[in-house]
Novice: 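First the structure, then my questions, so here it is.
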Amino acid sequence: MTISETDLKNCFDHERMAALIESFGKIGRTNAGGVSRLAFSDEDRKAREKFLHILETEFNLAVRIDPLGNIFARREGRYPDLPVIMTGSHLDSVRNGGKFDGPAGVFSSLEAFRTLDLLDIETQHPFELCMLSSEEPNTFGISTFGSRGMVGTLKKKDVETLCDDNGQRLPDALKNIGGDLDRMAEAVRSSGEIKYFLELHIEQMPCLEEDGKDIGIVDGVTGIYREAVTVAGEASHCGTTPMTERKDALCAASEIILALEEAARQEEGQAVATVGHMTVFPNSINITPGQVTLDLEIRSFYQERISRIREKVAGVIEGLVEQRGVRIERKITYDNPPIRFSPVVVNAIAEATEVLGFSSRNEVSMAGHDAAHVNGICKAGMIFIPCRKGLSHCPEEFTTTENIVKGAQCLLKTLLLLDQG
Ligand SMILES: [Zn+2]
């Protein structure tokens, strides 16, 4: 049976989409009008229960929850032995974040599944709707927990000893949403099980809005490199220590920060670099800084640009040791290379936007996403929708229901093209 694009579009109900976003936005709503639904919290658990209730009462899907709290709902296809086509996003949020980052993707996928039912479509492949666990940085400093656990790159030993600021252990926090870290290995999906993975997300950049485009076709996700740097100088009385005798750790750290900024600026808009966290010891008004720790981060879609910035900063650091007499220790804390999504998925999204009559542009995600990790075991892709002024992770985060529905229509059309391809 062939269905027309008009039939497909007509099945998506704007009011229902708006109601879903609104009702979940109430779970963890803050006084500032944002949402705090941190992973493994009571709010996270309530959102999961509500989501499961919808799946169980409004759909006929085989629902499964893995030991990490990832939720999968399977819709059988004509050939049950074929690998699955998976789609979804996350329902957790950052502290005082917005109500669209994550839910826009989950509910686009949900409404796509509803449309399949309404039009009585039998797909070739089994389809799986997923809600991935703890995508945002949780209180244990771990992000994309569910997806990295699912592809097997995050191991029990990486997380089992982690404690949050309240002294709670991660394995105990995970129990709050029904998870079990001891059974983490059971969450791993093999590369043959999933054929495609598609995630819709708000853009978190202002490009679509500024360009007046409906859909962002995501070519890939930025590489992210992080390094912890410790600069050890000498703390001494700031009045009695002459300028020529100082080993000021903060002055040395400042040179590193400015060198990083300059190196990133020289990459013609194709890289960004930041020092967003720093501690100064003893941090006192009349003592020269004896020690500084800082975390530097570099992002680019081009590995060679990340490498070039690293080399320039390394050169500056070497010089500082000599010129300022400080000691500098460096430790790589995160090094995720850029990833390119499968051309099969990228082309399917482009074709979907064309047949649906939507405008689009190709772009790169400068934020990390579950899809980037799931890409390790299948062909993944992402659809971006515009969000106001590119704002996210704040109460001002906003996109229109029309944007989400267009994105959901594009998502379903893409899934169907992949299913037939
Ligand atoms: Zn997100």
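Each ligand, and each atom within it, is numbered from 1 in the order the structure gives. Note: hydrogens, waters and symmetry copies are ignored here, and every other heavy atom, side chains too, is used.
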Novice: Counting only heavy atoms from other residues, nucleotides and ligands, does the tally under 6.0 Å from CZ of Arg95 exceed 12?
Specialist: no
Novice: Would you check if the Zn ion (ligand 1) lies under 2.8 Å from any N, O or S atom of Glu135?
Specialist: no
Novice: Assess whether atom CD of Gln420 is packed by more than 12 heavy atoms of other residues, nucleotides or ligands within 6.0 Å.
Specialist: yes
Novice: Aromatic contact between Phe107 and Phe24, with the criterion being ring centroids under 6.0 Å apart: yes or no?
Specialist: yes
Novice: Please assess Phe59 against Phe113 for the test ring-ring contact (aromatic ring centres under 6.0 Å, His included), listing each intermediate value before the final yes or no.
Specialist: CA-CA 9 Å; Phe59 292 84; Phe113 271 49; 7.4 Å; no
Novice: Under 2.8 Å from the Zn ion (ligand 1), can any N, O or S atom of His369 be found?
Specialist: no
Novice: Find, among atoms of Asp101 that are N, O or S, the one nearest to the Zn ion (ligand 1), and state its name.
Specialist: OD1
